[in-house]
Amino acid sequence: METLAVTTTDQANSVTWTPFAQRLTRVLEKLAEGQCLIVSDKRSGRFVQFQGQGSDGLRAETVSNHFLPRSVRLDRSQQDALVRAGWQTPTGTPEQSTPDGDPHGSPNFFVDFPAPIPADRIAHLAVATLAKVLQVPDPGSLEYDAFASEGGSIALPELELTRAAPAPIGKPRDGVETLRNRLLRALRKRTGLTDLKPDADGDIAILYGSAVTFGRARCDPPGIEFFSPLVCHVPRATLKLFRRLNALNSSTTMTRFFWADGTLFARAELPAAPWSEALVVRTFEQFSRLADDTAENLQAEFGGELMVRGSRASSVLH
């Protein structure tokens, strides 16, 4: 494994990068299960990111060309340098490398670190990657976002970085419309449904097999929400039902299942910044596939009526 040194006077100047590596080490040491940290270059959008996995350790990733515009994509020498430094190559496209279809892979370059994690070594790899391969001039060019997979942002002032902000907005309603338009463009591109549009409540509905996925933009905090009413007319919230929902929730980090007012729902949330159309589309596909796979099973176990009847095929319809 090649070592990317952070000791010269060029982009890897230790006067600026070494203190940041120390701060990043302290943050990684306390990154809890289900918590995510993204550190990105303000100009190019190139990033490294980390996800705490509790007793399973930590997953680190750095950006691949699947998530970069053509003008800032990595050239062959940069990709080779990442591999020599110890990053594993992407195992597929965002559509192929999903948690369901490729649970041990990623569409990014990635490394899995078992517990107890070597936080200082992970921070060194990340900093060297940022400085030497992704060509970030100094830590002042970075920004961060951090959040829990079940929803909710996390403040990390000890990083001494600015926090990634959503696209500039005016009034709160303008912010929702900006996010909704981005979401609408992403879903139209993915589904090919050019006439797709929000309903009176601002929700974008897409039929996927035996479930309907609704996409929604929110402004406080800024983010994207996908939700699906899976089974209606389930009047009794029994202990067996709650145990089943708890089992589902323990098996996924992004989607949450719950019962409310006689209906079984699934919901997933994403922060608005940093905006990644590929991540939004990937989340939509994973969420819709899971809702489709789960709806009929829940209806068979607990009665009620499916929100969508008929086709069992998992295909996007409108």
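For R185, the salt bridge (Lys or Arg N to Asp or Glu O under 4.0 Å) criterion is met by no residue, not counting sequence neighbours. Every residue two or more places apart in sequence or in another chain was checked for a salt bridge (Lys or Arg N to Asp or Glu O under 4.0 Å) with R243, and none qualifies. Scored by the ring-ring contact (aromatic ring centres under 6.0 Å, His included) test, F257 finds no partners at all (sequence neighbours excluded). With sequence neighbours excluded, the residues that form a side chain to side chain contact (heavy atoms under 4.5 Å, CB included) with V111 are W87, F113, L125. Evaluation of the salt bridge (Lys or Arg N to Asp or Glu O under 4.0 Å) rule for E29 yields no partner, not counting sequence neighbours. Residues that satisfy the side-chain hydrogen bond (donor to acceptor under 3.5 Å, both in side chains) test with Q49, not counting sequence neighbours, are E61. Residues satisfying the ring-ring contact (aromatic ring centres under 6.0 Å, His included) criterion with F227, sequence neighbours excluded, are F214.
V63 and F110 are members of different hydrophobic clusters when ILVMFWY side chains are connected at heavy-atom separations under 4.5 Å.
Here salt bridge (charged side-chain N to carboxylate O under 4.0 Å, His left out) pairs that include residues 107-120, with residues two or more places apart or in two chains, are R59-D112. For residues 229-240, no pair satisfies salt bridge (charged side-chain N to carboxylate O under 4.0 Å, His left out), with sequence neighbours left out. Counting only residues at least two apart or in different chains, salt bridge (charged side-chain N to carboxylate O under 4.0 Å, His left out) contacts with residues 34-46 comprise D41-R43. A salt bridge (charged side-chain N to carboxylate O under 4.0 Å, His left out) check over residues 244-254, counting only residues at least two apart or in different chains, returns the pairs R244-E301.
E269 has no carboxylate O lying under 4.0 Å from a charged side-chain N of R216, or vice versa, which leaves the two without a salt bridge. Salt bridge absent: R26 and E158 never bring a charged side-chain N and a carboxylate O closer than 4.0 Å.
Counting Ile, Leu, Val, Met, Phe, Trp and Tyr side chains that sit under 4.5 Å apart, directly or through other members, F258 shares a hydrophobic cluster with F265.
L37 places a side-chain heavy atom less than 4.5 Å from the side chain of V27.
Counting heavy atoms of neighbouring residues, nucleotides and ligands inside a 6.0 Å radius, atom CG of D261 does not exceed 12 of them.
Rounding to the nearest 0.5 Å gives a distance of 6.5 Å between CG of L74 and CG of L82.
Checked by atom type and distance alone, the side chain of T191 never pairs as donor or acceptor with a backbone atom of I206 at under 3.5 Å.
There is a side-chain donor-acceptor pair under 3.5 Å between T213 and S288.
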